[in-house]
Amino acid sequence: MVDNIPGIVENFPGGSILVTTIDSIINASRANSLWPLGFGTKCCAIEMLMATGASHQDISRFGAEVVRGSTRQADLMIVAGAIVRKMAPRVRLLYEQMAEPRYVIATGACSICGGPFQYNSYHIVHGVDEIIPVDVYVPGCPPRPEAFFWGLLALQRLIKEGESIRRPDIRRKPVMASLPQGITMDDIQGEMRRLLEEQNVVNVAESAENKIWTKRLKEWMRKPSSKP
Amino acid sequence: MTVRVRTLDELLTPPAAGSSALSTQEYFVNMGPQHPIAHGSLRLVLRLDGETVKEVIPVPGFVHRGIEKMCEKLNPRQIIHLTDRLDYLSAVMNNWGVAKAVEKAANIETNGRIETIRTLMSELQRIQSHMLWWGVLGMDLGAYTAFLYAFRDREIISELFEETIGARLTMNYVRPGGVMFDILPDFQEKVKKLLKYLGPIIDEYDTLLSGNVILQERLRNVGVLDGKKAVALGCTGPVLRASGVPLDLRKLTPYGRYGDVEFNVAVGSKGDCWDRYYTRMEEIRQSMRIIEQLIDSIPEGPVNVLRASARISIPEGTYYDQIETARGVLGVMLVSDGKSPSPYRVHFRSPNFNNLWAVTALAPGWRIADIITIQSSLDLVIPDIDR
């Protein structure tokens, strides 16, 4: 545990002293003792909250096994399943009831973007990030428990690197946990925007110059009229 | 006969306290939409007198995604994946329900291999679903050990599904005219190994939890649902059978390979929570019997009678077919106008919706702690109620 905290360990005859910052101590403690809220609406709840909490995949290996029924005792909301419009105000309320600092993992396609109900459904919320801020996205339908653990580890890393007590509300950008860590949604969006712009911006005049039919058209236009 | 419909606002108005000095004020308590017992998002409004429940008003709709409306834009093959998300603990059976209705409507004939694989997968899923219910009932009543045991064994079936189908929960496996993938060569061997393992395990469950005095005290004579009331409410599945009505579509109108196998329908005598508990425990054993008889007699043949791109045209008309899922009768109604590839109207008669209203009949007179027992013994899956 002490090895993971950035700082200097100085050995003394009677033991050792750790010189570090308060931020890293607090963040390390927060990251390793997450208390999730048992908040499942749909299929993902079976995989995310039940299967991960059970004996085969053991969530307590990551220090997050204390699943609470009450929002006031929890600081991690695992949004497992679709959120619909009737539920949306309640989700916001639950989020606001949670103890600060609070974190959100959106698991499964439904809570990321609406999933299979994205089109043609009149009652779905297209992603839980329309209502509450999300820290980590875990894609899948439903994700495997291992994928969820990967997301949990990503969140722990975010917490360890992220917040400072001097700047309490400033967080790292949300992370898509199926990708290598460190790539934020902004990076992905930026890259996609760059690619789209690169491919979509076409210089019509320049590209038309190179075509064979342009040359033929010009030749044809230069010709005097062959009509009698 | 006139029926007066009471609105939710009207129901939630507390009645005035009586004039007597001994009369008490009734009050309301919300259970849900976020409550650990709901296992989903279900709001139960309890009208209480002290701790005694006077009335339960279920308010569903917190996971309503409009699946039936969505189906009107999709063709019969595309409906299948949405039915996974109805009752996700019996996904294969839901798929089969739609596939069966479509096959009936479009006159598609399947072969013995397809039907056997479907039956085997359904029964495996029934065991898996009942195991989860058993563990969760234990967890709800405070026996966390049961949950750990159930998930240990459930994981084996999940892995079996993952090998064959590629998914652990939402399978999308059965489709009109066949199944998605063929079984692997070592599937039969693995299932036999599983059955050999499960036999003593189910007995272990009995010694672990069923005989427990606290469990017996909390289940026996609590929430008695008599057969007539259960039929009137439209309950199906283990909830109805525990009340002594032996309605099981696998026996009544055999589909798949259920006509060829021997099995008994587990029926309760009284209709209390204990009967519902033991009916399901017995169903696990009967499902194992069915698998045991079928596993060696899987006929040869293709696993799809239709090409993947073949257009399924449903002639004009209304079609209804039903299937026995782990929680009761899933009815699928398709209305087709005969022109467009997607159905004009789809309706699912979901088992949990009707089973939910048993709470309103069972709960009055019991304490809040008994509501937990009653709701857990009904084995509700909320997304199936809301659709």
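Chain letters run A, B, ... following the sequence lines, proteins first, then strands; residues in each count from 1.
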So for [X], is it side chain, backbone, both, or neither that comes closer than 4.5 Å to the heavy atoms of chain A?
X	result
B:Leu148	both
B:Leu42	neither
B:His81	side chain
B:Arg168	side chain

To the nearest 0.5 Å, how far apart are CG in B:Leu86 and NZ in A:Lys42? 9.0 Å
Report the distance from atom CD of B:Gln34 to atom CG of A:Leu37, rounding to the nearest 0.5 Å.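 These two atoms lie 5.0 Å from each other.
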Show me, pair by pair, the donor-acceptor contacts under 3.5 angstrom made by side chains of residues 107-116 of chain A, not counting sequence neighbours?
unit_1   : atom_1 : unit_2   : atom_2 : d
A:Thr107 : OG1    : A:Val79  : O      : 3.1
A:Ser111 : OG     : A:Val79  : O      : 3.4
A:Ser111 : OG     : A:Thr107 : N      : 3.3
A:Ser111 : OG     : A:Thr107 : O      : 2.6
A:Ser111 : OG     : A:Gly108 : O      : 3.4

Among [options], which residue has the highest count of heavy-atom pairs closer than 4.5 Å to chain B?
options	result
A:Cys141, A:Pro142, A:Cys43, A:Ala54	A:Cys43
A:Ile124, A:Val91, A:Ile46, A:Leu94	A:Ile46
A:Glu47, A:Lys86, A:Arg85	A:Lys86

Counting only non-hydrogen atoms closer than 4.5 Å, can you tell me which residues of [range] sit against chain A?
range	answer
residues 61-80 of chain B	B:Gly61, B:Phe62, B:Val63, B:His64, B:Arg65, B:Gly66, B:Ile67, B:Lys69, B:Met70, B:Lys73, B:Leu74
residues 153-163 of chain B	B:Arg154, B:Glu155, B:Glu159, B:Glu162
residues 122-142 of chain B	B:Leu132, B:Val136

Please check if atom OH in A:Tyr122 has more than 12 non-hydrogen atoms from other residues, nucleotides or ligands closer than 6.0 Å.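 Enclosed.
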B:Tyr205, OH atom: more than 12 neighbouring heavy atoms under 6.0 Å: yes
Give, as side chain, backbone, both or neither, the part of A:Pro143 having an atom under 4.5 angstrom from any heavy atom of chain B.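 Contact with chain B is absent: no heavy atom of A:Pro143 under 4.5 Å.
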Pick one of side chain, backbone, both or neither for A:Ala51, based on which atoms fall under 4.5 Å of a heavy atom in chain B. both
